[in-house]
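So you know, we letter chains A, B, ... as the sequences are listed, proteins then strands, and number each from 1. Values below: all heavy atoms of this structure, side chains included; hydrogens, waters and symmetry mates excluded.
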2 protein chains.
Amino acid sequence: MLQILDSMCILLAKSEQKHFSYTKKMLDQSGLEISPGQLVVLYSLFTKDNISISELSKNVLLDNSTLTGLIDRLEKAGFVMRIDTPNDRRSYQIILTEKAKSHKSTILQLMKQIESKMLEGSSEAEIFMFRSILQRILINFNS
Amino acid sequence: MLQILDSMCILLAKSEQKHFSYTKKMLDQSGLEISPGQLVVLYSLFTKDNISISELSKNVLLDNSTLTGLIDRLEKAGFVMRIDTPNDRRSYQIILTEKAKSHKSTILQLMKQIESKMLEGSSEAEIFMFRSILQRILINFNS
DNA sequence: TTCTTATAATTGGTATGCAAATTTTATGTA
DNA sequence: TACATAAAATTTGCATACCAATTATAAGAA
């Protein structure tokens, strides 16, 4: 085992790095023309779209400025549209296109596949504990 | 709990994202003038320096091209030096400066502090299992 | 020795991410 | 109404990361 991985922080970082690379590889192979960052945005929009950038930023834990670029690329690729918000000319509503909706099940299936790969060899009990520790980490770093 | 976090993959990604931000904040406050990426490189070099970029890239699980920039900034900040490799004019050896060595204990202490924050509220047994699952994830994504 | 192939490091292009600054529009106050 | 303040989105600048291409050098084969 590499020396740096004796640090739990670095182990976490590298696990995510490899997860990101694997996700990117799988998306490339799928032909969906979606990036890992876009995947998270779409996943959130599948549950609730027709919301502003600011609302979306809360849902996906990303800064507005990060979302601007992500939405630009998603819009260019035909997965979402910006439509005017009534009574507020500062903001837009982000809505899914038919193209996005038509790929929903494929996308969700791919995500399940990646999750399976990630958790291969771990028991239900281990996964349950893993989830609760990650949730605690998120809370710890937000306070 | 946010909807997107029902995906273990996204939960992992967001945990690391928050860890990264927290590390950046702590480093900023410390006045060390080191970035999170540089921290990992220094941590590895503390164990073994006087190695080439290629060797280092294996030790820190980063691409050569990523390391070039990181080493550039570390060199500029006076933490490392590139010295010529004897008998191979293509490569350099990366060595720590006295400045880097003088900050070693401060840096290691800061890392411990971040790890403590991260794992706050988790038991030894939970941490042990957490580590082993992360290691398995790393293996899963590398095969 | 010459040519091919491989290796070391860098550069350039793209995708995250954030913070700070900016632009435009709303809202609240005098 | 006029002005100050707030909010929504974007832009800019910086730090990761990767891949693909490039440059320089080394090593092996003919």
Value in whole Å for how far the P atom of C:dA8 lies from CZ of B:R82 | 16 Å
Determine whether any donor atom in the side chain of A:R90 lies under 3.5 Å from an acceptor atom in the base of D:dA9, or the reverse, and answer yes or no.
-> no
What is the distance from CG of B:D88 to P of C:dA6, rounded to the nearest Å?
-> 17 Å
Step-by-step side chain to side chain donor-acceptor pair (under 3.5 Å) determination, A:Q17 to A:K14 | CA-CA 5 Å; A:Q17 190 178 299; A:K14 294 302 172 181; 3.2 Å; yes
Pair A:E120 + B:R136: basic N to acidic O under 4.0 Å | no
Quick one: B:I53 CD1 to D:dT25 C1', roughly how many Å, whole number?
-> 16 Å
Identify whether the distance between the nearest side-chain nitrogen and carboxylate oxygen of A:D72 and A:K76 falls below 4.0 Å.
-> no
Report which part of the nucleic acid B:S52 touches: base, sugar-phosphate, or nothing (heavy-atom distance under 4.0 Å, all strands).
-> sugar-phosphate
Which ones in residues 15-38 of chain B lie close to DNA chain C, meaning a heavy atom under 4.0 Å from one of its atoms?
-> B:Q17
Integer-rounded Å distance: D:dA24 P and B:N87 CG = 21 Å
Ring-face cation of A:K99 near A:F79 (centre distance under 6.0 Å, axis angle within 45°) | yes
Where do B:Y43 and A:Q3 land on the side chain to side chain contact (heavy atoms under 4.5 Å, CB included) test, with the steps shown first?
-> CA-CA 9 Å; B:Y43 185 64; A:Q3 176 268 330; 3.4 Å; yes
Residues of residues 56-73 of chain A with a heavy atom under 4.0 Å from any atom of DNA chain D, listed by number, are A:N64, A:S65, A:T68
Rounded to the nearest 0.5 Å, the NZ atom of A:K112 sits from the CD atom of A:Q109 at a distance of 8.0 Å
Does a side-chain N-to-carboxylate-O contact under 4.0 Å join A:K101 and A:E98?
-> yes
Identify which one of B:V41, B:L70, B:L42, B:L56 satisfies the side-chain contact (heavy atoms from CB on, under 4.5 Å) criterion when paired with B:V80.
-> B:L42
